[in-house]
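Small disclaimer: the values here were computed from a predicted structure and weren't measured.
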Amino acid sequence: MAGEKIVGVAVDFSSCSRKALKWATDNIIRDGDHLVLITVQPEGYYEDGEMQLWEVTGSPMIPLAEFSDPVIMKKYKMKPDPETLDLLNTVARQKEIVVVLKIYWGDAREKICEAIDKIPLSCLVIGNRGLGKIKRAIMGSVSTFVVNNGSCPVTVVKQSDHEP
């Protein structure tokens, strides 16, 4: 893997995470790199599904072909949006990159920082929902926490005011 990067993108399959993913594919990802999508689901009691096996360590790396399959993603109780999957399939083909998904369960701030170290990532791109000062103070900002506590370079792609 000489010269190849392992680029992480935190995704929740929202418009702002899709914008961060698009930014990463346009500006950071180069031919031969590895793209790791990191998603964090809330903790909960799960009677069935794959998360029982992987709740502490996160899922195994799920290749693009598998997380494009709705039957496989149903086991993880996830439904990636078609627009994101189309973007990923196009970039994987054009730039000949490896794309995988890693699912964690728990607090997004902690789990994304954990992923940076355990994978390990060369850099991370994360979206920003554009919370106001009051909401950010009450709820806390995932991107701010990761910028301050992550052990690799972190780029925050902001949602502009006029976007949904």
Please report the C-alpha distance between I62 and V100 in whole Å, then the side-chain angles of each, then the deciding distance to 0.1 Å, and finally whether the side chain to side chain contact (heavy atoms under 4.5 Å, CB included) criterion is met.
CA-CA 5 Å; I62 305 167; V100 294; 6.0 Å; no
Is the count of non-hydrogen atoms from other residues, nucleotides or ligands lying under 6.0 Å from E83 atom CD greater than 12?
no
Quick one: closest heavy-atom pair of A115 and L121, and the distance?
O-CG, 4.3 Å
Taking the side chain as everything from C-beta on, heavy atoms only, tell me whether M78 gets closer than 4.5 Å to F13.
yes
Can you tell if the side chain of D33 reaches within under 4.5 Å of the side chain of I6, non-hydrogen atoms only?
no
What I'd like to find out is whether the side chain of H34 reaches to under 4.5 Å of the side chain of V98, using heavy atoms alone.
yes
If only atom types and distance count, is the side chain of K79 paired as donor or acceptor with the main-chain N or O of K74 below 3.5 Å?
no
Of all heavy-atom pairs linking V9 and L124, the shortest is N-CD1, 4.0 Å
Distance (rounded to the nearest 0.5 Å) between K158 NZ and S143 OG
8.0 Å
Using every non-hydrogen atom in the two residues, find where Y76 and P60 come nearest and quote the distance to one decimal.
OH-CD, 4.0 Å
Exam field: side chain T39 to backbone V11, donor-acceptor pair closer than 3.5 Å:
yes
Separation between CH2 of W23 and OG1 of T155, rounded to the nearest 0.5 Å:
4.5 Å
Would you find a donor on one side and an acceptor on the other, under 3.5 Å apart, between the side chain of K102 and the backbone of S59?
yes
List in chain and number order the residues that pass side-chain hydrogen bond (donor to acceptor under 3.5 Å, both in side chains) with K22, two or more places apart in sequence or in another chain; answer none if no residue qualifies.
D26
Closest approach of Y104 and T57, non-hydrogen atoms and distance?
CE2-O, 3.6 Å
To the nearest 0.5 Å, tell me how far Q41 CD sits from K111 NZ.
12.5 Å
For R109 and F145 the tightest heavy-atom approach is CB-CD2, 3.3 Å
Can you tell if the side chain of I97 reaches within under 4.5 Å of the side chain of V7, non-hydrogen atoms only?
no
Distance from T25 atom OG1 to K95 atom NZ, nearest 0.5 Å?
6.0 Å
Straight-line distance of L101 CG to L88 CG, nearest 0.5 Å
9.0 Å
Validation row: L37, L35 side chains within 4.5 angstrom (heavy atoms)
yes
Would K5 and I29 satisfy side chain to side chain contact (heavy atoms under 4.5 Å, CB included), going step by step from the backbone distance to the final call?
CA-CA 8 Å; K5 297 182 299 289; I29 300 289; over 6 Å; no
Does some side-chain heavy atom of I119 sit less than 4.5 Å from a side-chain heavy atom of M61?
yes
Any donor-acceptor pair under 3.5 Å from K19 side chain to V157 backbone:
no
Is the shortest side-chain heavy-atom distance between V146 and I116 below 4.5 Å?
yes
Spatial distance of atom CG (D81) from atom OG (S15) [nearest 0.5 Å]
9.5 Å
Could you please spell out the steps behind the side chain to side chain contact (heavy atoms under 4.5 Å, CB included) verdict for M73 and I103?
CA-CA 11 Å; M73 293 317 294; I103 306 168; 4.1 Å; yes
Quick check: closest heavy atoms across S68 and N89, and the distance to 0.1 Å?
OG-ND2, 3.8 Å
Contacts of S14 meeting side-chain hydrogen bond (donor to acceptor under 3.5 Å, both in side chains) (sequence neighbours excluded), chain-then-number -> D12
Report the C-alpha distance between V154 and C123 in whole Å, list the side-chain angles of each, state the deciding distance to 0.1 Å, and finish with yes or no for side chain to side chain contact (heavy atoms under 4.5 Å, CB included).
CA-CA 6 Å; V154 178; C123 62; over 6 Å; no
